[in-house]
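To start, the structure itself, in structure tokens.
Small disclaimer: the values here were computed from a predicted structure and weren't measured. Naming convention: chains lettered A, B, ... in sequence-line order (proteins, then strands); numbering from 1 in each chain.
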Amino acid sequence: MPDIKDYESLVEIKWCPGCGNFSILAAMKKALCNLGLAPHEVLIISGIGQAAKTPHYLACNLFHGLHGRALPIATGAKIANHNLTIIVNSGDGDCYGEGGNHFINAIRRNIDLTLLVHNNKVYGLTKGQASPTSDLNMVTRAQPHGVMLEPFNPLAVALALGCGFVARGYAGKPDHLASLIEHGVRHRGFSLIDILQPCVSFNHINTYPWYNERVYELERSGHDPSDFNAAWEQARKWGERIPIGLFYREDKPTLTDRLHALRHGPLVDQQYVPERLASLFSSL
Amino acid sequence: MPDIKDYESLVEIKWCPGCGNFSILAAMKKALCNLGLAPHEVLIISGIGQAAKTPHYLACNLFHGLHGRALPIATGAKIANHNLTIIVNSGDGDCYGEGGNHFINAIRRNIDLTLLVHNNKVYGLTKGQASPTSDLNMVTRAQPHGVMLEPFNPLAVALALGCGFVARGYAGKPDHLASLIEHGVRHRGFSLIDILQPCVSFNHINTYPWYNERVYELERSGHDPSDFNAAWEQARKWGERIPIGLFYREDKPTLTDRLHALRHGPLVDQQYVPERLASLFSSL
Amino acid sequence: MSIDITIKIGGEAGQGIQTVGQLLALTCREAGLYVFGINDFESRIRGGHSFFQLRISDQQVRAPHHVVNLLVALDERTVDLHRRQVSPDGMIIVNKKELCDSPNMLAISFDDLAAQAGDPITANTVAAGCVLAILHAPFDLFHQVLTNLFSGKKQSSLDVNLKAGRLGYDAAGDRRCSAALPWSAALQKKPLIEGSQAIAYGALAGDCRFAAFYPMSPATGIMIHLAACQNDFPLIVEQAEDEIAAANMIIGASFAGVRSMTATSGGGFCLMTEAIGLAGITETPCVFINAQRPGPATGLATRTAQADLHMVIRAGQDDFPRFVFAPGSPEQAYAVTSQALSLAEKYQVPAIVLVDQFFNDSLYTLEKAFLIPNTIERFVLDHASINNPAEYKRYVFTDSGISPRALPCQGTALVKYSGNEHLENGHTSEAPEIRTGMVDKRARKLIGMRSEMQGPEPYYADAETLLLCWGSTHGVVREAVKMLRQDGINVGSLHFCDLWPFPEEKVAPLLSGEKRLIVVEQNSTAQFAQLLRQQTGISVHGAVLKYNGRPLYPYEIVNALKEKEYSHA
Amino acid sequence: MSIDITIKIGGEAGQGIQTVGQLLALTCREAGLYVFGINDFESRIRGGHSFFQLRISDQQVRAPHHVVNLLVALDERTVDLHRRQVSPDGMIIVNKKELCDSPNMLAISFDDLAAQAGDPITANTVAAGCVLAILHAPFDLFHQVLTNLFSGKKQSSLDVNLKAGRLGYDAAGDRRCSAALPWSAALQKKPLIEGSQAIAYGALAGDCRFAAFYPMSPATGIMIHLAACQNDFPLIVEQAEDEIAAANMIIGASFAGVRSMTATSGGGFCLMTEAIGLAGITETPCVFINAQRPGPATGLATRTAQADLHMVIRAGQDDFPRFVFAPGSPEQAYAVTSQALSLAEKYQVPAIVLVDQFFNDSLYTLEKAFLIPNTIERFVLDHASINNPAEYKRYVFTDSGISPRALPCQGTALVKYSGNEHLENGHTSEAPEIRTGMVDKRARKLIGMRSEMQGPEPYYADAETLLLCWGSTHGVVREAVKMLRQDGINVGSLHFCDLWPFPEEKVAPLLSGEKRLIVVEQNSTAQFAQLLRQQTGISVHGAVLKYNGRPLYPYEIVNALKEKEYSHA
Ligand SMILES: Cc1ncc(C[n+]2csc(CCOP(=O)(O)OP(=O)(O)O)c2C)c(N)n1
Ligand SMILES: Cc1ncc(C[n+]2csc(CCOP(=O)(O)OP(=O)(O)O)c2C)c(N)n1
Ligand code: SF4
Ligand code: SF4
Ligand SMILES: [Mg+2]
Ligand SMILES: [Mg+2]
């Protein structure tokens with residue numbers, strides 16, 4: 001059984017003191033330990049942003065790629081070796097902004113990985129512009145007249161796309177979050193965990209106190225995660241009361257379940273057989 | 001009152017005989033006439049694909065741009081001159097595939113235009129690969145083992161994104177479609193009209209007879225387009241019975257309503273005033 | 001060249017022009033003849049005008065010919081558009097009597113005969129049969145082709161096609177074209193292959209296991225050919241939501257340990273450029289095929305060009321090593337694609353292969369089957385051989401610039417890739433000396449990489465005038481050189497396949513002396529001439545440039561050289 | 001240079017280093033002094049290490065200096081990292097007694113004094129006050145600066161800041177730095193401006209009305225400066241969902257009639273390249289600012305580089321005309337941005353402006369306010385002047401290559417743009433002669449475009465050795481030339497701003513004769529040297545290259561020249 005200490009990284013953490021990312025990191029470590037995974041059995045893939053720095057801050061295999069493109073990297077890696085346990089750390093800008101099209105299609109592929117979106121409702125690393133999830137009318141230096149776009153509701157969109165694991169965590173409830181992550185990793189298929197993450201430097205609206213007043217756990221409110229309609233109803237709630245927890249769960253075949261060539265084992269482990277080319281060429 | 005003849009174009013139409021696009025084109029012309037718009041008052045913007053050839057086939061101002069990018073072109077044009085009446089012709093690949101991220105964000109902006117997606121559930125112009133709306137298991141030369149991705153449901157996603165005009169037309173019902181287009185153009189805000197369009201060359205599943213057996217008009221089934229929940233329920237229907245018509249309609253401020261600088265009229269009509277720079281520089 | 005016949009089959013898209021061409025080509029294959037076919041079509045699915053042009057010879061042919069010996073017109077427009085190219089002793093077959101207005105025309109209603117055979121769909125078989133008769137081919141050979149084609153299918157399909165073929169064959173009566181081809185069943189049939197297919201097979205020979213793509217002409221064919229191999233190879237071909245996803249997917253797959261590639265055309269390549277930089281800085285091997293077409297933007301979707309040379313060399317911000325190849329034949333495309341996968345892995349860099357619509361959509365006869373590698377040399381570090389896994393550093397500084405590359409989750413060593421500038425261990429660093437160190441480390445690979453590059457392929461390279469070409473025009477330029485030399489003009493050529501890192505030392509000696517250098521390119525600004533001057537300081541004296549989207553013909557080069565109708569580059 | 005003082009303020013991100021620097025710069029402005037400030041920071045929001053380095057002089061300064069006269073350390077790390085750069089007669093102010101270990105150090109607890117003043121947030125005001133005292137500045141000037149700064153704000157804020165400033169000022173006691181600056185209230189204050197601000201204002205002077213962007217360092221500042229102007233100008237700044245959207249939005253806006261632009265950095269620029277081609281073939285004017293940083297991929301997000309030169313010249317498949325400019329000063333950036341908008345419109349082409357982190361994030365004193373154009377010359381066709389609107393053709397063939405451009409829905413003429421190759425009327429065409437015609441039409445613009453290009457700016461251009469530079473290093477290279485000449489070395493420089501179409505005829509004459517040519521660039525492969533050879537055949541003799549992400553200093557060039565420590569390019 002691995003220990004939290006095994007997940008220690010010596011890299012200096014470059015987040016602001018008080019940032020919600022710290023508890024997400026802690027929750028990840030806890031979940032990984034509970035899952036009995038050793039660091040070398042875990043692959044963490046990220047885009048670019050504050051959230052995307054996460055894999056450097058725990059022991060793991062990692063690919064820290066481009067802004068917005070973590071999911072395609074993860075998709076390629078999973079197809080190449082479907083034995084990999086992949087977690088993706090992304091930000092609201094990274095995943096729902098620049099990476100919006102990949103978010104849609106990773107869900108459509110039902111590629112088996114766990115997506116953690118550190119949703120601070122702001123572009124943190126680039127100093128506080130609005131993100132797709134920023135509240136309407138939020139004023140920033142880039143949006144001096146306030147945000148004019150309807151906020152992106154990742155849970156509702158994920159449900160509309162047929163996502164089989166739709167959850168919301170909150171950095172202020174790291175144990176609850178750890179358990180969601182654990183379930184997400186266990187779930188065979190694409191698992192979305194959108195995480196409410198206070199950004200102490202740039203988001204002065206959606207703060208810890210603001211969330212603390214509002215969040216409630218679906219697990220304690222009799223919600224049935226196999227009930228799609230109930231999930232949809234909960235997913236559309238935002239404001240005075242904000243639900244967190246597992247909204248929806250459904251088992252479906254994953255992309256790697258469906259791919260024919262993987263029936264013989266992971267692509268990376270299969271053999272090159274020159275005779276196959278010979279028989280192909282004989283038909284020319 | 002303009003006449004259908006005014007909308008005639010001398011350009012040779014490059015669609016296959018029997019293609020569903022012909023009735024979409026006819027419906028557009030009819031709707032524009034009914035709206036009392038002359039060709040020079042209409043701007044049609046398209047991406048790349050069979051659908052995107054449409055603007056050449058009627059008289060209008062047009063911008064035929066890049067695959068997937070019609071909506072950002074339209075957004076820029078509308079901001080520059082919000083008096084423009086803009087229609088976008090796009091394909092399911094163009095709009096929901098390559099352009100997926102712009103689809104999301106044009107809805108979030110509630111930019112005032114009418115989007116017609118010629119949804120033939122296939123990549124027509126590139127010869128029949130699966131599109132985001134292709135049915136699961138559909139076999140093509142690019143998908144010899146069948147489509148493995150969950151089909152994209154544009155109406156459900158649009159509803160999840162808060163779209164204020166969500167409709168589905170059918171090329172087999174051009175009058176019904178014309179009326180939807182008319183309403184779409186009249187609607188202040190982003191209007192999505194997904195159009196079921198048989199592709200006689202590459203889609204041998206979703207054919208005219210297939211649709212004729214299945215479609216029913218919401219207008220005739222007591223559906224209330226102001227009822228969001230009912231819209232959601234209808235939007236998730238697909239298979240034995242397929243609803244067409246106006247699913248949902250809601251008025252909300254558009255992006256150009258919200259933009260401060262447009263209070264003084266269209267950007268394109270405003271004046272350059274050197275004194276403004278002088279006063280800006282005086283603060284340095 | 002003893003025998004050299006060109007047949008052009010024209011008509012609307014959807015009329016099955018390519019099927020006719022395919023049947024003819026297969027019959028030639030049966031007889032051990034060489035063919036070269038080009039495909040011309042519009043960006044539409046039905047209607048309009050398209051043609052397939054097949055050149056047949058008893059020697060290897062690798063260029064289209066501008067004189068048509070036999071024109072098969074499936075519609076009137078074909079007659080109008082192409083009759084002027086028909087040689088004085090050539091013939092025109094039309095499908096309607098009304099179109100016949102000269103003695104060299106023969107009217108045969110393919111549709112009627114097809115109906116007579118029992119299935120209107122066999123009109124193309126009728127047409128092929130008719131052409132073969134005119135070409136003096138014995139029906140036996142065609143019979144054999146049809147039998148092969150329909151083996152495993154319903155007997156009735158074969159029967160109706162045999163009947164249709166025969167009807168067409170007989171309909172030719174005693175009309176024969178002047179040159180007789182040496183038709184006799186060959187002992188060894190030479191393989192027939194499309195350009196795009198050669199690339200797909202090269203990918204398999206390079207052990208490519210993952211290909212991601214977004215459809216785009218003229219690259220799609222490569223992926224369609226690959227997709228068809230998914231049953232028999234450890235291979236997955238994934239259609240991505242866009243080119244950005246495709247590019248990043250192949251990087252992810254390569255990171256996880258399988259060789260991977262993508263194929264696209266210019267506009268899609270643009271969208272991949274950021275990812276190419278990611279492959280560069282993360283040192284992830286992967287192969288990008290750019291099948292060129294005229295641009296910018298959508299340009300001419302189904303036409304040909306060679307105008308992305310500089311773009312692919314410079315794609316992605318900042319400097320990082322990459323390979324760029326531009327093969328000139330199916331053999332070279334096969335070898336280079338396979339080699340690109342291998343070299344990309346060896347040097348842990350992106351490799352780009354430049355082809356174009358002309359190459360991808362052309363049909364070639366191969367002298368012999370492609371060579372099949374017995375084994376694949378992998379350039380991957382086995383975790384078992386890592387002494388101290390806890391100390392493993394993905395980007396350790398080395399003299400060669402190449403750091404041993406372990407795969408993630410295959411052992412206890414942690415494997416860390418980063419697209420930010422990084423330390424040897426893969427963690428982000430902004431330290432100035434690390435930055436310089438890593439840029440230099442990556443750049444050091446260029447020494448080894450350059451040593452892998454072949455110089456240009458010479459052809460009468462000691463001639464006074466040298467034609468410099470690259471990519472798909474290899475065969476066209478060679479034929480032009482032959483023609484010019486036959487006319488007593490002292491000309492030779494150099495064909496460049498390995499373009500980046502540019503092999504200066506192998507190039508400069510070939511260009512020294514009092515030579516007249518003329519580039520032959522399918523772009524409007526003589527891109528190769530610019531590259532050559534940039535890398536060697538050598539200026540060329542002229543440029544034969546064709547950029548109307550159509551393939552280059554040998555005679556165009558010959559004329560340009562004779563008339564000195566080339567622009568000063 | 002009579003007075004030349006460099007102050008470096010270092011500490012963690014979030015400690016307000018820039019505020020201290022800003023207060024000092026404003027006080028210098030009050031006294032009519034010149035400043036030049038550079039910003040060094042990591043890709044993080046809090047912690048780590050960053051600094052602001054302000055050079056103050058009584059003459060124009062446009063380069064950073066490597067010797068620090070006064071180091072203000074807001075943390076211990078600053079002392080460790082920078083004390084070696086402090087001049088023998090320099091001073092170090094630290095914020096903790098414990099850090100004092102040498103006589104040139106002075107410990108002042110800014111926090112304590114701020115608390116004493118009544119608000120911990122005023123620590124930066126304390127620090128500025130202290131520095132100003134040491135620099136011999138009269139408190140009056142600082143008083144004035146604070147008063148201006150807090151005008152319109154709460155009186156209590158002003159009061160507490162004044163108190164804090166005074167406490168800091170007094171805390172310096174009698175410690176003074178050796179060189180006295182000529183402090184006296186200036187009659188005419190010279191404007192202070194950031195590089196990114198100069199671009200934003202240039203955009204306004206070019207009548208830019210629409211800017212779309214996706215945040216990316218170091219380009220975001222330009223858009224933030226523009227966004228702040230939305231109340232006072234007919235201007236909309238839209239944050240797009242990605243760079244692809246931003247690029248296409250500005251094309252759409254320009255098509256509809258307003259001048260438009262975007263700004264990004266390398267990775268974002270990659271994503272825009274397909275759209276640049278769209279602007280090229282649709283002939284839609286628009287301006288792309290690429291603020292360079294080290295790459296590839298994410299590289300070093302907050303550092304500087306000049307390594308995208310070839311990429312921007314070649315971005316987008318196939319050939320099409322474009323402008324590329326790389327200004328060397330805020331004055332030039334202002335003029336060039338405005339001009340880019342105008343020339344883009346005149347020639348209906350995309351224009352690219354290359355800047356970098358060093359330029360964008362630096363603080364400059366201007367000699368005088370920027371020139372303001374009285375009117376904007378538009379290059380748009382009025383519908384009223386179209387004789388036969390039904391016959392209007394967007395892409396009519398002309399000698400200049402420029403076709404009169406009407407705006408959509410502004411009259412009865414139909415305006416049709418296409419990213420496919422097209423006829424004069426904008427409808428798609430695949431005809432070969434149309435293709436050649438349209439490529440040639442677009443290429444003809446290059447004649448006019450080239451005539452607009454300025455040759456390089458010479459500085460002792462008849463010297464034996466010429467330093468060739470481009471973009472932001474203008475001031476740095478000039479200062480190096482001055483220093484070298486003072487040491488009796490016969491050197492001059494040429495600064496290139498107008499880079500594409502490359503003004504060969506204006507360049508070649510300046511480089512002829514027996515000159516030693518050395519490029520000075522912030523990239524690892526001497527990109528400009530490559531471009532020069534490509535365009536003129538001229539090879540340079542050496543290259544001073546710095547690519548560690550940090551700004552170039554004059555002394556580095558001087559040393560390289562003296563020690564001949566430059567690579568052979
Ligand atoms: C192609 C590209 N565009 C833009 C950027 C600049 N960029 C870096 S991080 C970021 C946004 C970060 O926001 P988010 O994803 O919400 O992460 P956070 O920092 O808030 O955790 C942006 C726009 C980039 N690196 N690459
Ligand atoms: C960047 C880019 N990628 C790919 C293409 C090739 N392409 C042209 S049309 C098309 C798909 C067309 O499908 P859809 O949008 O559904 O339109 P349809 O032809 O079915 O109407 C593609 C992939 C392109 N032109 N540009
Ligand atoms: S800027 Fe916000 S998200 Fe980023 S580290 Fe700081 S608090 Fe966290
Ligand atoms: S391919 Fe399909 S969509 Fe395209 S024109 Fe033909 S029938 Fe219509
Ligand atoms: Mg965020
Ligand atoms: Mg389609």
Comparing C/Ser265, C/Pro432, C/Gly266, C/Ala307 against chain D, the one with the most heavy-atom pairs below 4.5 Å turns out to be C/Pro432
Where does C/Thr536 contact chain D at under 4.5 Å (heavy atoms): side chain, backbone, both or neither?
backbone
Which atom pair, heavy atoms only, marks the closest approach of C/Glu430 to D/Glu42?
OE1-CA, 3.3 Å
What residue, out of D/Gly537, D/Gly419, D/Ser418, has the most heavy-atom pairs lying under 4.5 Å from chain C?
D/Gly419
For the side chain of D/Gln317 and the backbone of C/Ala297, is there at least one donor-acceptor N/O pair under 3.5 Å apart?
yes
Between the CD atom in C/Gln530 and the CG atom in D/Asp319, the distance rounded to the nearest 0.5 Å is 7.0 Å
C/Thr282 versus chain D, the contacting section by heavy-atom distance below 4.5 Å:
neither
Heavy-atom contact with chain D under 4.5 Å, split by part of C/Gln306
neither
Can you tell which of C/Ser524, C/Gly280, C/Gly549 has the highest number of heavy-atom pairs within less than 4.5 Å of chain D?
C/Ser524
Compare every heavy atom of D/Gly295 with every heavy atom of C/Asp318, then report the nearest pair and how far apart it is.
OD2-N, 2.8 Å
So which of C/Arg293, C/Glu274, C/Glu433 has the largest heavy-atom pair count under 4.5 angstrom toward chain D?
C/Glu274
Determine, stepwise, if the pair D/Gln534 / C/His310 fulfils side chain to side chain contact (heavy atoms under 4.5 Å, CB included).
CA-CA 12 Å; D/Gln534 176 188 288; C/His310 287 274; 3.8 Å; yes
Heavy-atom contact with chain D under 4.5 Å, split by part of C/Tyr547
both
Using non-hydrogen atoms only, which part of C/Ser539 is less than 4.5 Å away from chain D: side chain, backbone, both, or neither?
neither
Who wins among D/Ile244, D/Asp440, D/Asn523, D/Leu531 for the most heavy-atom pairs under 4.5 Å with chain C?
D/Asp440
Which heavy atom of C/Gly316 sits nearest a heavy atom of D/Cys270, and at what distance?
CA-SG, 3.8 Å
Bottom line for D/Ile276: the part with an atom under 4.5 Å from chain C's heavy atoms is neither
Heavy-atom closest contact (C/Arg533 atom, D/Gln535 atom, distance)
NH2-O, 3.1 Å
Tell me which of these, C/Asn548, C/Thr273, C/Ile313, has more heavy-atom pairs under 4.5 Å with chain D than the rest.
C/Asn548
So which of C/Pro294, C/Ala305, C/Ala315 has the biggest tally of heavy-atom pairs under 4.5 Å with chain D?
C/Pro294
